[in-house]
Structures are given as C-alpha cells and as structure tokens.
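A quick write-up on the structure given underneath.
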There are 2 protein chains.
Amino acid sequence: MARPRKFDDDEVIDRAMDAFWTNGYFNTSPAQLAAATGIGKGSLYNAFTSKRDLFDRALSRYDAIGAEFAEQSLAKPGTTREVVAGFLRSLVEADLAGPVRRGCLAVNTSVELAGQDPEIQRAVQRMQQHTIAALTDRIARGRRDGDVDPDVDPRGYAEFLMNTIVGLRVMAKTNDAPMLHRIIDSAVAGL
Amino acid sequence: MARPRKFDDDEVIDRAMDAFWTNGYFNTSPAQLAAATGIGKGSLYNAFTSKRDLFDRALSRYDAIGAEFAEQSLAKPGTTREVVAGFLRSLVEADLAGPVRRGCLAVNTSVELAGQDPEIQRAVQRMQQHTIAALTDRIARGRRDGDVDPDVDPRGYAEFLMNTIVGLRVMAKTNDAPMLHRIIDSAVAGL
DNA sequence: CAAATTTTTGTCCTGTAGGTCAAGAAAGGA
DNA sequence: TCCTTTCTTGACCTACAGGACAAAAATTTG
C-alpha cells in the first residue's frame, strides 16, 4: 500500500525517553532527539506530531516500565518492611549506578513542567497513583499477614512512602549511599 | 569618578531569583530577566558576567533567606514535634499559596542542574546542610528538654526530615493540602 | 508495469537565546 | 570647564530551536 517505516516506534520512544530523562524537556533539542534515535528530524516529525507529543509518549512508556517494576519488586518474598525497604533501596541504587545522576523522569518532569502545565500535572498524578496503589496493596497484605501493626493505615502510609521516594530521588543527586540508606531505614520504621 | 549605577544589585538579584524560581534556569531568557528586573539587557551583562553568574547569586540569596526562615521558624515555642510540624506546614502552605506552583528553588535547581554540574551540586549540598543543621539542633534540644525520645538520633532524624521536605515540595506540585498534611503527620510521628 | 500512498532526506524558514559592542550619558576630579 | 571613568541604551551578531515542505524513494494493489 505504501512505504513502510524503517524503524520501530517503541524503540524510538525508548531512546527519546532516555534523552529527555538525561537532559530534561527544554534542554533536549530536536537535533539531539534525532541523534539519539538514529532517524532524521523529518522522520521524527512525520511519525510524531511535535516534540511535546513525543515527550508525552515517552512519559507513558516510563509509567508502564515503572508500574511493572513496582509490581515485581513488591511481590518478592519477605516481611512488608523488608520488601518495601528493598524496593526503595533498588530505586536509590539505580539512581546512583549511572555515571550521570538523572534521577526519576517523573520527578524531573513534575519539577520542570507540572507547575505550569495542567496536562503534565495529571500525567504525573497518574504515575504517583500507580505507585501508591501498589504500596497500599502490599501494606494491606502485611496487615492481613499480621506483619504490620493494625494501627497503620495502608493508604496513608503508602502516601507517606511515595513522598519519601520522591525525596530520595532528588536527594540522590547530591548525597551518598549511606545517608540515603539511613533515610530509608527511618521511613520504614513505622511498619 | 564615574557614573553610578541606577539600580540596587540586591534588588535585581531578588527579582532575577523570582524569575528563575518560576521558570527554571534554562527556561528563563536574558530578555525575561531584563523585563523582570526592569533594567536593560546590556546593563545586566555589565553588572553580572553571565546568566549563569546571575543565577549563582540568586541561589546564594535564596540560601540566605531560607536559612533565616528555618532559624526563626524552629525557634518558636512548643514541643519539638509541634515546632517541626509547624515548620513543614509553613513550607507547604507557601508552596500552595501562589497562583503558580513554583516549589522550592533549591529542589528545582537540584533536579534541573545538579546531575550535570558539580558546582551546582555543591551549592545545593550547602543549602541542605543548613537546613539539616537547624533541624538537628532543634531535635537535640528536644532531647535535652525530655521532649523527644532519647533513642532518636538528632542528625539521622534531621536528614530524614530533610528528605521529607524535599519530597513535599515536589509533591506540592501535584497534590492537595490534606494529603500533604497527612504526610507531615506521618513524618513527625517518630519524634 | 503503472498508480497510489506513505517515508525519508535534506533544505529552508522564522524566532529567539545568549551575548557583544559602540555610542552617548552621568558622575567626580584637575 | 574639560577629562576620565563607568553606566545605559539599543543595535547587532551568531547559533540553534522547532518545525515546514518539496522532492525522491520504497512499498502494495490493480
């Protein structure tokens, strides 16, 4: 019927996500996106309407990856406190692993754009809700298992942990592993 | 001897700080800075070497303001838990008050630049240390007053609170007051 | 093979970022 | 009063952001 695409959309979105993640939205130019994805600027604008559209898709992709990771991580064996602490630690370790501290794309985006842009604000909210829901479920299960004090409100504690995670991913830009791990220990002490 | 400046440097820095705070570093142009400060672009570049230099000074100014606010706020009467909670609440309320959610300049800067720029990274660290020190002092005093459990490590808890604050100032971009206040309550429960 | 359709490449375009510079203006000193 | 010095204004400059578009290329259908 017509000439087929030479590239896979999802792969392009993945690479674009990396570029946005490392440099931020404003500081990533179409030229950089073309270089990062390996396709011409023209093809990019043909496949995706605009830089903003591509960014929106990259955010969705990030959401999907993050939601699955949380799911997997929280399904591991162990007490609630151990599992939750392990989840937070793995996030921090991922932050510290790379040569450049890119943090969390959702947090970066929230800081850079959510204050001005309601659509972005909603996207970030959705992502947070996914994590909060996963944490809530795991804590509720802990309560059923007798693993967590019945006084703990699963949803409330999950929101508190969400806030801790967001903090950690910013703090990871300027602090070392021991301090971050101490913070995690404090945060899960109530479980 | 020579023609004197028509403007006060500190006032210009204050207004520049506001512009950077609202729009971020990359997304604030020299033209905007000129408009925000009320002086010509040429004068700006005469008085300050570069956009970056002006930003550095704005950061210093922000640090000074923040440090004094923390000092004042934590010196208020009340139990340690009350005073600390009041401090966090006042930060959150400031975030929610404005028409545009600009968050915390230090956090914004950390997210936007600290990953790539070691100088910025150190500046952010300094600011965090000021807040951590103020919180540590207040908690230590609480322990002496018999107000705080002796098992609490002042410095460790201060670091944890610092992380909570950073989280809150990001979460304030996408969440409402009740949730943020619940998070604060959870965070001070260990005091 | 021709036609129709969609992609790719590369050129082109407008606006703005970030900054420079030359000219004139405002002070104090000789 | 004129000179020197520093400040201000505004024009100017180069590079790139973000995107539009035309022409050529690749595929399926008839």
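Note: hydrogens, waters and symmetry copies are ignored here, and every other heavy atom, side chains too, is used. Below, chain A is the first sequence line, B the second, and so on; all start at residue 1.
Listed by first and then second residue, the salt bridge (charged side-chain N to carboxylate O under 4.0 Å, His left out) pairs involving residues 119-137 of chain B amount to none (not counting sequence neighbours). Under the side-chain hydrogen bond (donor to acceptor under 3.5 Å, both in side chains) criterion, the residue pairs touching residues 164-178 of chain B are Gln128(A)-Thr174(B), Asp95(B)-Arg169(B), with sequence neighbours excluded.
Here the C1' atom of nucleotide dG18(C) and the NZ atom of Lys51(B) are 8 Å apart, to the nearest Å. Remark: C1' of dT7(C) and CG of Asp9(A) are 12 Å apart, rounded to the nearest angstrom. Between Phe48(A) atom CZ and dT7(C) atom P the separation is 11 Å, expressed in whole Å. As a whole-Å value, the separation of Leu54(A) CG from dG18(D) P is 12 Å.
Contact check of residues 19-34 of chain B against DNA chain C (heavy atom, cut-off under 4.0 Å) returns Thr28(B), Ser29(B), Pro30(B).
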For residues 38-46 of chain A, which side-chain donor-acceptor pairs fall under 3.5 Å, sequence neighbours excluded?
none

Under 3.5 Å, which donor-acceptor pairs link side chains of residues 179-190 of chain A to any protein atom two or more places apart or in another chain?
unit_1, atom_1, unit_2, atom_2, d
Arg182(A), NE, Glu159(B), OE1, 3.3
Arg182(A), NH2, Glu159(B), OE1, 2.9
Arg182(A), NH2, Glu159(B), OE2, 3.2
Ser186(A), OG, Arg182(A), O, 3.3

Contact state string [nucleotides 8-14 of chain D, B base, S sugar-phosphate only, - no protein heavy atom under 4.0 Å]: BBB----
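For Phe20(A), the ring pair (Phe, Tyr, Trp, His ring centres under 6.0 Å) criterion is met by Tyr25(A), Phe55(A), not counting sequence neighbours. Shown here are the side chain to side chain donor-acceptor pair (under 3.5 Å) partners of Asp53(B), two or more places apart in sequence or in another chain: Arg57(B). Among residues two or more places apart in sequence or in another chain, the side chain to side chain donor-acceptor pair (under 3.5 Å) test is passed with Asn27(A) by none.
Side chains of Arg138(B) and Thr80(B): a donor on one and an acceptor on the other come within 3.5 Å.
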